[in-house]
Amino acid sequence: MLKTLGAQVKEFKADSIRTPLFMILEVVMEMVIPLMMASIVDDGVQAGDMAHIYKMGVFMALAAAVGLFAGVMGGKYGARASAGFAKNLRQAMYENIQTFSFSNIDKFSTAGLVTRMTTDVTNLQNAYQMILRMCMRAPASLICALCMAFWINAKIATVYLVAVLFLGGVLMLIIRQAMKYFNELFRKYDDLNASVQENVTGIRVVKAFVREDYEIGRFHKASGNLYRMFLRAESIVAWNAPVMQFTVYGCILGISWLGARMIVQNTLSTGDLMSLLTYCMNILMSLMMLSMVFVMITLSMASAERIAEVLNEKADLTNPKDPRMQVADGSIDFENVSFSYKKDNESPVLSQVNLNIRAGETIGIIGGTGSAKTSLVNLISRLYDVTEGCVKVGGRDVREYDMETLRNEVAVVLQKNVLFSGTILENLRWGDKNATEEECVRACKLACADEFISKMPEQYETRIEQGGTNVSGGQKQRLCIARALLKKPKILILDDSTSAVDTATDAKIRRAFAEEIPDTTKLIIAQRISSVQGADRIIVLEDGKVHGFGTHEELMASNEIYRDVYESQMSGEGDFDKHGGDA
């Protein structure tokens, strides 16, 4: 874990080295000043030597100025190093997430990833800054002050040693008890973020069903759990301050009593006692700093583990050693394909699928909810790998291709369409970042999107709000189809992506596909048989198996499920789920 996180310091290594060096310089200056104070008292005040007082005063001022400069520079470089470390952590996590396959993404919740990139990174940033500054300054100050104290008077310095051992033992006990609560704390953060995310994403549904009170209750519960967990952790950490104060005052009393006796016995000078009291405060302040560092490190350890988990996650799908960089055509073959989302799953989602689709064909895919229609097409662009058998595109196993090359040749319009904040043109150019406005307009005409875009005041410069909330479901679907067409793919997959448009528009889109992109293999997943009955062939899926594959006429003659659904839809009595079975 430390190696994984340490690798993200990168270009801020120099700042990470400068910070503790300046902290040590500050500590050295702080250690010299009490000796000068003792010299002023013993050799200047008591001897009446004003020249010595002035001389030591100048040296003290210089030492204080150097210490101040070192402290400022240490703070500057520490802040730069910790902020840079946090930036690199976020960047590394984000880049690694982009390499994840769908199966990798399934391991992490969206709310959990957001928490790791925000709260967890901030905790690590604060801990790293404290480590650079306090973890070098406090031990150095503690060791130097102890050494100076023993040099002045070993008997009195023993009081410090006892205090250090006592406080160290108590701190370790506090940290061990608090750590188990901090580990649980960030899981509660995930629950809280999940509650907020779901509420904001589905705010229209919440209001439509008047469920504001229910959502407020959910948030209150998640927030309450977080509060109680924080309270338990902080109630343990809170012992740190009173124990520290008890130790500080105990040391002062012990040193004052022993020091007074030794002064009376002429075995200790007044200046030395002042120095010892100053070193006492240095030692105890160093312990206080260390306790703060330990608390911060304890809190950040849970965050560090969660961040390292994301950074160490390796993509399940990777390119072969010598990948193919060109897809010959849009032909698709499924050879004895079985697929499960989890390797230990006994019942596969797809079982023994065998299909042969020629380049340029239009293939309809029909099946009940849960019949694995989407799972089938996800294997084509290698969003998942098959469990058994192989999927071929252009006559080659998809695992032989460079994944970026393969996915650039397979355009997918998902069942849940996603538009991003920006203009319509910016969204369309997700299909081809170099597409001209004319090419974008042409794609929109093919997708029947131009007819509503041209009526907007700013037309193609119209801004799409986050999530595409300012366009209807049908308009969103047509924009996503146009975006896919701009890729000029060899394979186009429409995953129930015309469900929100009327049948006339659906027919126009299908006719445009047939006329304008005849060489592109088109896979159309639909619930309406009218959307696919004009396809070259139709796949009927049931329970993850191919129940029928042929033209509309062939299936009407030989496939009972297809025939029943067709007749029920034509008579307006039902749909595929009712007659075709639910997987």
Side-chain angles (χ1 to χ4, degrees), residues 1-29 66-101 104-105 107-108 110 112-141 182 186 189 193 289-290 292-319 402-404 420-421 433:
M1 181 182 72
L2 293 177
K3 184 178 179 181
T4 300
L5 299 177
Q8 301 308 318
V9 177
K10 294 181 180 177
E11 69 271 28
F12 298 98
K13 286 180 181 177
D15 291 332
S16 299
I17 294 170
R18 290 188 190 107
T19 302
L21 291 178
F22 276 114
M23 291 296 100
I24 291 173
L25 179 60
E26 184 183 18
V27 167
V28 170
M29 294 301 104
V66 172
L68 176 63
F69 171 76
V72 170
M73 296 307 290
K76 172 188 172 182
Y77 288 120
R80 195 155 72 182
S82 60
F85 176 56
K87 177 193 72 118
N88 288 342
L89 279 178
R90 291 192 183 97
Q91 186 73 21
M93 276 198 291
Y94 190 79
E95 288 177 0
N96 200 39
I97 290 168
Q98 298 306 307
T99 69
F100 287 176
S101 65
N104 292 113
I105 293 171
K107 295 178 185 178
F108 303 96
T110 304
L113 289 173
V114 170
T115 304
R116 291 166 208 244
M117 295 188 69
T118 52
T119 306
D120 287 329
V121 171
T122 300
N123 286 338
L124 233 59
Q125 177 181 347
N126 293 335
Y128 188 61
Q129 184 169 15
M130 290 195 77
I131 288 169
L132 289 180
R133 299 185 65 190
M134 302 304 179
C135 270
M136 183 57 71
R137 188 187 193 287
S141 180
F182 285 130
F186 292 100
Y189 262 122
N193 284 341
M289 290 178 195
L290 281 175
M292 291 169 60
V293 170
F294 281 131
V295 169
M296 182 62 72
I297 290 175
T298 303
L299 178 63
S300 65
M301 280 298 291
S303 295
E305 290 172 1
R306 286 158 54 84
I307 291 170
E309 188 180 5
V310 176
L311 292 175
N312 289 328
E313 180 74 15
K314 301 299 181 185
D316 291 340
L317 306 182
T318 56
N319 282 332
D402 171 73
M403 284 191 289
E404 187 174 331
F420 298 90
S421 302
K433 62 183 179 182

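These values consider heavy atoms only, across backbone and side chains, with no hydrogens, waters or symmetry-generated copies.
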Problem - Test log, rule side chain to side chain contact (heavy atoms under 4.5 Å, CB included), inputs Asp120 and Leu124 - result: CA-CA 6 Å; Asp120 287 329; Leu124 233 59; over 6 Å; no
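- Taking the side chain as every heavy atom from C-beta outward, Phe69 and Glu26 never approach each other to under 4.5 Å.
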Problem - Ile307/Met93 under side chain to side chain contact (heavy atoms under 4.5 Å, CB included): CA gap, chis, key distance, verdict - result: CA-CA 8 Å; Ile307 291 170; Met93 276 198 291; 3.9 Å; yes
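- Around atom NZ of Lys10, more than 12 heavy atoms belonging to other residues, nucleotides or ligands sit under 6.0 Å away.
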Exercise for the section: Would you sort out whether Lys76 and Asp15 count as a side chain to side chain contact (heavy atoms under 4.5 Å, CB included), showing the intermediate values? Expected result: CA-CA 9 Å; Lys76 172 188 172 182; Asp15 291 332; over 6 Å; no
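- With respect to the salt-bridge test (charged N to carboxylate O, under 4.0 angstrom), the residues Glu95 and Arg90 do not qualify.
- Asn96 contributes a side-chain N or O that, together with a main-chain N or O of Val310, makes up a donor-acceptor pair within less than 3.5 Å.
- Between Gln125 and Ala86 the shortest heavy-atom distance is OE1-CB, 3.4 Å.
- In this structure, the side chains of Arg80 and Gln129 stay at 4.5 Å or more apart for every pair of heavy atoms.
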Problem - Test side chain to side chain contact (heavy atoms under 4.5 Å, CB included) applied to Tyr128 and Ser16, step by step - result: CA-CA 9 Å; Tyr128 188 61; Ser16 299; 2.7 Å; yes
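- To the nearest 0.5 Å, atom CZ of residue Phe85 and atom CG of residue Leu132 are 9.5 Å apart.
- Judged by distance alone, with hydrogens and angles left aside, the side-chain atoms of Thr19 form a donor-acceptor pair with the main-chain N or O of Gly78 at under 3.5 Å.
- Note that CE of Met73 is 12.0 Å distant from CG of Leu21, once rounded to the nearest 0.5 Å.
- Ring planes of Phe22 and Tyr77: parallel class, angle under 30° (limits at 30 and 60°).
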